[in-house]
Undergrad: 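Structure incoming, see below.
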There are 2 protein chains.
Amino acid sequence: MDGRFNLDNQLCFRLYTASRLITQAYHPLLSQHGLTYPQYLVLLVLWEKDSQPVNDIAKRLMLETNTVTPLLKRMEAEGILTRTQGKKDARQMIVKLTNKGQELKEKLSDVPETVGRSVLCESVTPETVPGLFRMLDDIIGQLKHDNNESNG
Amino acid sequence: MDGRFNLDNQLCFRLYTASRLITQAYHPLLSQHGLTYPQYLVLLVLWEKDSQPVNDIAKRLMLETNTVTPLLKRMEAEGILTRTQGKKDARQMIVKLTNKGQELKEKLSDVPETVGRSVLCESVTPETVPGLFRMLDDIIGQLKHDNNESNG
DNA sequence: AGTATTTATATCGTTCACGATGCAAATATA
DNA sequence: TATATTTGCATCGTGAACGATATAAATACT
């Protein structure tokens, strides 16, 4: 009768599950290089633009600095990047890839395609993906706005 | 040139972000009742069908028992449910809602609608949601299959 | 200049996720 | 019936996420 509480009707559960499972799909590809999925996301950001303060990385990933800081420290301990105090602004920590971090770009070059292929199916095709992206981007934009509003 | 590594091209990042943000949207609604989002998912499962072994709950949520067990223990400590050894099979722990757990169903009755409204936007409407569900279900089905295969 | 506020980052505590592993009960096989 | 395998759940260790809070540097204000 009242399907409000039905798990199968929940958008969030689908997003939560899809996110977990696709992260699991990345796992074998990343773990052989000692990386986790969130660490891979940091690399994507730094490959795009090297030498950024913690805050810019966090904003790009829509994460808090209290999530990103320990993550960066682990990556620093692995020799993937360096964290140095900013010169203009001594509060900032500038994050910069090491050679090892830059070399990972080549080593992981087939990851996007491999994972991309693994999600293609009847309803998810090169034709339908833009529509899916649009909906997810809209949801993200909406929620980012709402969540910020309710905090102040 | 080569957009393979562009964060904006990544499906997983969108799913990961959308999942996090929508979970954050649940937070104020759930935390006033002392619940987390994964705990709310357990309640959805038990409201659907009370008195289930740990394994059935884990399978329904597509989680491992080593994730679900501590979660259930915390909920037991809160007096939301009970865990009792199965009679037919002494290995099973049967999870059953307490009165408090059943009463939460009424107290949380407006949560699905509230969260549902908060994600509606131009491209996500009652008309387009079934298509979105279809794609997410396909992705989940695909990855569940793949991930199980690669383990054995 | 001196004080208040904001900003950038970090620390702490709690709760997931999950790989690896352990253990006891149930089941299959010899 | 004895032994091997499978199954259901739990424990342990690690790495996120994130709310709350702390701290120091930068900025605004008086």
Side-chain angles (χ1 to χ4, degrees), chain A residues 13 16-28 30-32 34-42 52-59 61-78 80 83-95 147-148 150-152, chain B residues 16-28 30-32 34-42 52-59 61-78 83-95 147-148 150-152:
Chain A
F13 177 61
Y16 162 80
T17 303
S19 172
R20 281 195 307 103
L21 293 183
I22 198 166
T23 301
Q24 286 175 30
Y26 274 98
H27 187 261
L30 298 178
S31 67
Q32 61 184 302
L35 292 171
T36 65
Y37 178 70
Q39 290 174 9
Y40 174 68
L41 289 182
V42 169
Q52 296 192 53
V54 173
N55 207 20
D56 289 15
I57 297 172
K59 280 216 176 88
L61 299 178
M62 289 181 260
L63 291 166
E64 303 297 319
T65 61
N66 58 1
T67 297
V68 174
T69 292
L71 214 157
L72 292 173
K73 282 187 160 181
R74 281 186 285 270
M75 293 176 80
E76 185 182 36
E78 295 292 327
I80 294 167
R83 295 159 60 253
T84 50
Q85 198 168 29
K87 282 166 189 166
K88 276 195 325 185
D89 189 332
R91 292 170 304 179
Q92 291 186 332
M93 287 297 275
I94 308 296
V95 180
N147 291 348
N148 289 344
S150 63
N151 297 338
Chain B
Y16 161 80
T17 303
S19 173
R20 281 194 309 103
L21 293 182
I22 198 166
T23 300
Q24 287 175 29
Y26 274 98
H27 186 261
L30 298 177
S31 66
Q32 59 183 302
L35 292 170
T36 64
Y37 179 69
Q39 290 174 9
Y40 173 69
L41 289 182
V42 169
Q52 295 193 52
V54 172
N55 207 19
D56 288 16
I57 297 172
K59 281 217 175 89
L61 299 178
M62 289 182 258
L63 291 166
E64 303 297 319
T65 61
N66 57 2
T67 298
V68 174
T69 292
L71 214 157
L72 292 173
K73 282 187 161 184
R74 282 187 284 269
M75 294 176 80
E76 185 183 35
E78 296 291 328
R83 294 160 59 253
T84 51
Q85 196 168 31
K87 282 166 190 167
K88 274 194 326 184
D89 189 332
R91 291 170 304 179
Q92 291 186 333
M93 287 297 275
I94 307 297
V95 180
N147 291 347
N148 288 343
S150 62
N151 297 337

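Letters A, B, ... mirror the listed sequences (proteins, then strands); counts begin at 1.
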Undergrad: Does A/Gln39 have a side-chain nitrogen or oxygen under 4.0 Å from the phosphate oxygens OP1 or OP2 of D/dA16?
TA: yes

Undergrad: What's the closest nucleotide to the A/Thr67 side chain, out of C/dA10, D/dG19, D/dA16?
TA: D/dA16

Undergrad: What heavy-atom pair brings B/Gln32 and B/Pro28 nearest, and what distance separates the two atoms?
TA: NE2-O, 3.3 Å

Undergrad: So does B/Lys88 get a side-chain nitrogen or oxygen closer than 4.0 Å to the phosphate oxygens (OP1/OP2) of C/dA25?
TA: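 No, because none of the side-chain N or O atoms of B/Lys88 sits under 4.0 Å from OP1 or OP2 of C/dA25.
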
Undergrad: For a quick test of reading the model: is some side-chain N or O of A/Lys73 closer than 4.0 Å to OP1 or OP2 of C/dT9?
TA: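 Answer no for this pair, as no side-chain N or O of A/Lys73 is under 4.0 Å from OP1 or OP2.
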
Undergrad: Find the distance A/Ile94:CD1 to C/dT9:C1' and express it as a whole number of Å.
TA: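 Those two atoms, CD1 and C1', are 12 Å apart.
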
Undergrad: Give the rounded distance in Å between these two atoms: CZ of B/Arg20 and C1' of C/dA17.
TA: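 It works out to 15 Å between those atoms.
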
Undergrad: Take atom CG of A/Leu63 and atom P of D/dC18, then tell me their distance rounded to the nearest Å.
TA: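 From A/Leu63 CG to D/dC18 P: 6 Å.
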
Undergrad: Can you tell me if the side-chain N/O atoms of A/Thr36 get under 4.0 Å from OP1 or OP2 in D/dA16?
TA: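 Answer yes for this pair, as a side-chain N or O of A/Thr36 is under 4.0 Å from OP1 or OP2.
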
Undergrad: What is the separation between atom CG on A/Leu35 and atom C1' on D/dG15, rounded to the nearest whole Å?
TA: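 Taking CG of A/Leu35 and C1' of D/dG15, I get 13 Å after rounding.
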
Undergrad: Mind checking if A/Gln92 touches a base, just sugar-phosphate, or nothing, with heavy atoms under 4.0 Å?
TA: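 Sugar-phosphate contact only.
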
Undergrad: Quick one: label B/Asn55 by what it contacts on the DNA or RNA (base, sugar-phosphate, nothing), any heavy atom closer than 4.0 Å.
TA: sugar-phosphate

Undergrad: Give the C-alpha distance, both sets of side-chain angles, the deciding distance and a yes or no for side-chain contact (heavy atoms from CB on, under 4.5 Å) between B/Lys59 and B/Asn55.
TA: CA-CA 6 Å; B/Lys59 281 217 175 89; B/Asn55 207 19; 3.5 Å; yes

Undergrad: Report the distance from atom CE of A/Met62 to atom C1' of D/dC18, rounded to the nearest whole Å.
TA: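 Roughly 16 Å, once rounded to whole Å.
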
Undergrad: Does the A/Glu78 side chain pair with the main chain of A/Arg74, one donor and one acceptor, at a distance under 3.5 Å?
TA: no

Undergrad: Reading DNA chain C from 5' onward, which residue's closest nucleotide shows up sooner: A/Pro70 or A/Gln24?
TA: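 First, find each residue's nearest nucleotide; the 5'-ward one identifies A/Pro70.
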
Undergrad: In whole angstrom, what separates B/Gln85's CD from C/dA26's C1'?
TA: 13 Å

Undergrad: Side chain of B/Pro38: nearest nucleotide among C/dA25, C/dA17, C/dT9?
TA: C/dA17

Undergrad: Name the orientation class of the two ring planes belonging to B/Tyr16 and A/Tyr37 (parallel below 30°, tilted from 30 to 60°, perpendicular beyond 60°).
TA: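 Rings of B/Tyr16 and A/Tyr37: perpendicular, as their planes differ by over 60°.
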
Undergrad: Taking OP1 and OP2 of C/dT14, is either one under 4.0 Å from a side-chain nitrogen or oxygen of B/Arg74?
TA: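 Result: no.
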
Undergrad: Without decimals, in angstroms, what is the distance between A/Leu71 CG and D/dT14 C1'?
TA: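 My rounded result for the distance is 12 Å.
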
Undergrad: May I have the distance from B/Leu61 (atom CG) to C/dC18 (atom C1'), rounded to whole angstrom?
TA: 15 Å

Undergrad: Compare side-chain N and O positions of A/Thr65 against OP1 and OP2 of C/dA8 and report whether any pair is under 4.0 Å apart.
TA: no

Undergrad: If you go through the side-chain atoms of A/Arg91, does one of them form a donor-acceptor pair with the base of C/dT7 closer than 3.5 Å?
TA: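 Answer yes: a donor N or O sits under 3.5 Å from an acceptor.
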
Undergrad: Just by distance, do the side chain of B/Arg20 and the backbone of A/Met62 share a donor-acceptor pair under 3.5 Å?
TA: yes

Undergrad: Using heavy atoms to find the nearest nucleotide of DNA chain D for A/Lys87 and A/Asn66 separately, return the residue whose nucleotide is more 5′.
TA: A/Asn66

Undergrad: Does A/Lys59 or A/Tyr16 map to a spot on DNA chain C nearer the 5' end, using the closest nucleotide for each?
TA: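 Of the two residues, A/Lys59 wins.
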
Undergrad: How would you label the contact of B/Asp89 with the nucleic acid (heavy atoms, under 4.0 Å): base, sugar-phosphate, or nothing?
TA: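 Sugar-phosphate only.
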
Undergrad: Could you report the tightest heavy-atom contact between B/Gln52 and B/Asp56, atom names first, then the distance?
TA: OE1-CB, 3.3 Å

